[in-house]
Q: 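Here it is: the structure, laid out below.
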Amino acid sequence: MILPFHIQYLIKNWNTKLIINDAEEKIEIHVRKAVSVFNFSEIKTQRHILGHYKPGRQKSWTPIPFDYYGYVNIKTNDDRNFTITSLIADPFKFPLKIDSTVYGFPFIKKEITRKDLETIKSVKEKETERRINYFIKNFKSTSRVELRKRLENEKLLDKNAKIAIERILESEK
């Protein structure tokens, strides 16, 4: 049962090192060759561990071999995420203050960052523009009267075709 956790955690934290400087209230996270340094005030931590919440108990409700597998997600003010698994630090005795705990099956899920959302939005906008240009190319030889008729029946039109027709008609004014 622990093999899937162990493999995922090993891959996630390969060449990762966490250094905590309590005196200066800073953490240093080395991921491969990149080094990131943050003040304690610049981070939020969320612990992900196996089990169901039972007040007064740190451990999950049933003793099982992978009870202590889990991870801590460190999110920075500049929207970066770092995952520190139980192969590096015990999530029950984590050396930083834990802001929240999530109980469940602690497989690591990919966090979608603001940068990821911007990339997705950019790709979607480029694809929309590509489709509009496709319709413009196909409608160039269509008469303006025909284009206006199609626009009147806009419920039958693809939204990108509608934009293309509007652009063609607008360019004539």
Side-chain angles (χ1 to χ4, degrees), residues 1-135 158-160 162-163:
M1 265 315 267
I2 66 171
L3 192 58
F5 288 113
H6 203 77
I7 291 170
Q8 185 190 36
Y9 289 7
L10 186 63
I11 291 169
K12 185 66 178 174
N13 282 155
W14 191 260
N15 287 328
T16 300
K17 186 164 64 171
L18 174 68
I19 300 170
I20 299 172
N21 185 334
D22 284 322
E24 294 181 22
E25 293 190 351
K26 290 185 184 258
I27 67 165
E28 197 174 297
I29 303 171
H30 298 245
V31 179
R32 289 161 189 75
K33 293 181 180 180
V35 178
S36 303
V37 180
F38 304 99
N39 292 320
F40 288 178
S41 60
E42 297 176 305
I43 63 169
K44 296 278 184 226
T45 57
Q46 185 176 55
R47 174 174 47 197
H48 294 258
I49 56 175
L50 180 71
H52 304 285
Y53 177 69
K54 293 206 175 199
R57 292 183 71 185
Q58 252 188 336
K59 235 172 132 256
S60 70
W61 59 278
T62 318
I64 47 182
F66 52 95
D67 232 9
Y68 290 99
Y69 273 76
Y71 63 94
V72 174
N73 188 48
I74 299 173
K75 187 169 187 166
T76 65
N77 286 348
D78 64 353
D79 210 24
R80 293 173 26 194
N81 289 302
F82 298 93
T83 301
I84 305 300
T85 70
S86 54
L87 297 181
I88 291 181
D90 184 347
F92 291 96
K93 297 176 185 156
F94 201 70
L96 295 170
K97 178 182 146 275
I98 298 294
D99 295 311
S100 64
T101 299
V102 174
Y103 295 90
F105 212 60
F107 275 110
I108 301 169
K109 296 175 189 154
K110 180 172 180 0
E111 276 282 324
I112 297 177
T113 64
R114 192 176 303 137
K115 185 178 178 182
D116 293 337
L117 291 175
E118 288 169 3
T119 301
I120 291 167
K121 183 180 175 186
S122 173
V123 167
K124 188 176 178 182
E125 287 170 353
K126 285 177 185 175
E127 179 59 20
T128 298
E129 197 60 35
R130 187 192 66 75
R131 288 180 180 174
I132 291 169
N133 289 332
Y134 169 81
F135 283 115
D158 177 278
K159 66 179 180 181
N160 297 317
K162 179 182 178 224
I163 294 169

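For this chain, numbers begin at 1 and follow the sequence in order.
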Q: Mind checking what makes salt bridge (Lys or Arg N to Asp or Glu O under 4.0 Å) contact with Asp158, not counting sequence neighbours?
A: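 In terms of salt bridge (Lys or Arg N to Asp or Glu O under 4.0 Å), with neighbours along the sequence ignored, Asp158 is linked to no residue.
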Q: Check whether any side-chain heavy atom of Leu96 sits under 4.5 Å from a side-chain heavy atom of Val72, and report yes or no.
A: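 Heavy-atom side-chain distance check fails, nothing below 4.5 Å.
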Q: Show me the donor-acceptor pairs within less than 3.5 Å that the side chains of residues 122-130 make with the rest of the protein, sequence neighbours left out.
A:
residue	atom	partner	partner atom	Å
Glu127	OE1	Arg130	NE	3.1
Glu127	OE2	Arg130	NE	3.4
Glu127	OE2	Arg130	NH2	2.6
Glu127	OE2	Arg131	NE	3.2
Thr128	OG1	Lys124	O	3.0
Glu129	OE1	Arg167	NH2	3.3
Glu129	OE2	Arg167	NH1	2.6

Q: Closest approach of Ile20 and Pro95, non-hydrogen atoms and distance?
A: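 So the minimum-distance heavy-atom pair works out to CD1-CG, 3.2 Å.
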Q: Under the ring pair (Phe, Tyr, Trp, His ring centres under 6.0 Å) rule, collect the residues that match up with Phe94, sequence neighbours excluded.
A: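 Ring pair (Phe, Tyr, Trp, His ring centres under 6.0 Å) list for Phe94, sorted by chain: empty.
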Q: Nearest 0.5 Å, please: how far is CH2 in Trp14 from OG1 in Thr85?
A: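 Going from OG1 on Thr85 over to CH2 on Trp14, the span is 12.0 Å.
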Q: Using every non-hydrogen atom in the two residues, find where Ala89 and Ile84 come nearest and quote the distance to one decimal.
A: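 Between these two residues, the closest heavy atoms are CB-CG2, 4.2 Å.
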Q: Report the residues that fulfil side-chain hydrogen bond (donor to acceptor under 3.5 Å, both in side chains) with Thr76, sequence neighbours left out, ordered by chain and then residue number.
A: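 For Thr76, the residues satisfying side-chain hydrogen bond (donor to acceptor under 3.5 Å, both in side chains) (neighbours in sequence not counted) are Asp78.
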Q: For Lys44, check side-chain contact (heavy atoms from CB on, under 4.5 Å) against everything at least two apart and list the hits.
A: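 Lys44 satisfies side-chain contact (heavy atoms from CB on, under 4.5 Å) with Asp99 only.
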Q: Not counting sequence neighbours, list each pair that qualifies as a salt bridge (charged side-chain N to carboxylate O under 4.0 Å, His left out) and has a residue in residues 23-37.
A: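 Pairs touching residues 23-37 that pass the test: none.
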Q: Using the side-chain hydrogen bond (donor to acceptor under 3.5 Å, both in side chains) criterion, which residues pair with Ser41? Sequence neighbours excluded.
A: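 Testing Ser41 for side-chain hydrogen bond (donor to acceptor under 3.5 Å, both in side chains), a comparison that skips the adjacent residues, returns none.
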Q: Going by the rule side-chain hydrogen bond (donor to acceptor under 3.5 Å, both in side chains), which residues pair with Lys121 if we only count those two or more places apart in sequence or in a different chain?
A: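 side-chain hydrogen bond (donor to acceptor under 3.5 Å, both in side chains) list for Lys121, sorted by chain: empty.
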Q: Looking at every non-hydrogen atom in both residues, tell me the closest pair between Tyr71 and Thr83 and how far apart they are.
A: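 Scanning both residues, the minimum pair turns out to be CD1-CG2, 3.5 Å.
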Q: At their closest point, which heavy atom of Asn21 faces which heavy atom of Phe40, and how far apart are they?
A: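 For Asn21 versus Phe40, the nearest heavy atoms are O-CZ, 4.0 Å.
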Q: Who pairs with Ser36 by side-chain hydrogen bond (donor to acceptor under 3.5 Å, both in side chains), at least two apart in sequence or on another chain?
A: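 By the side-chain hydrogen bond (donor to acceptor under 3.5 Å, both in side chains) rule, Ser36 matches Arg80.
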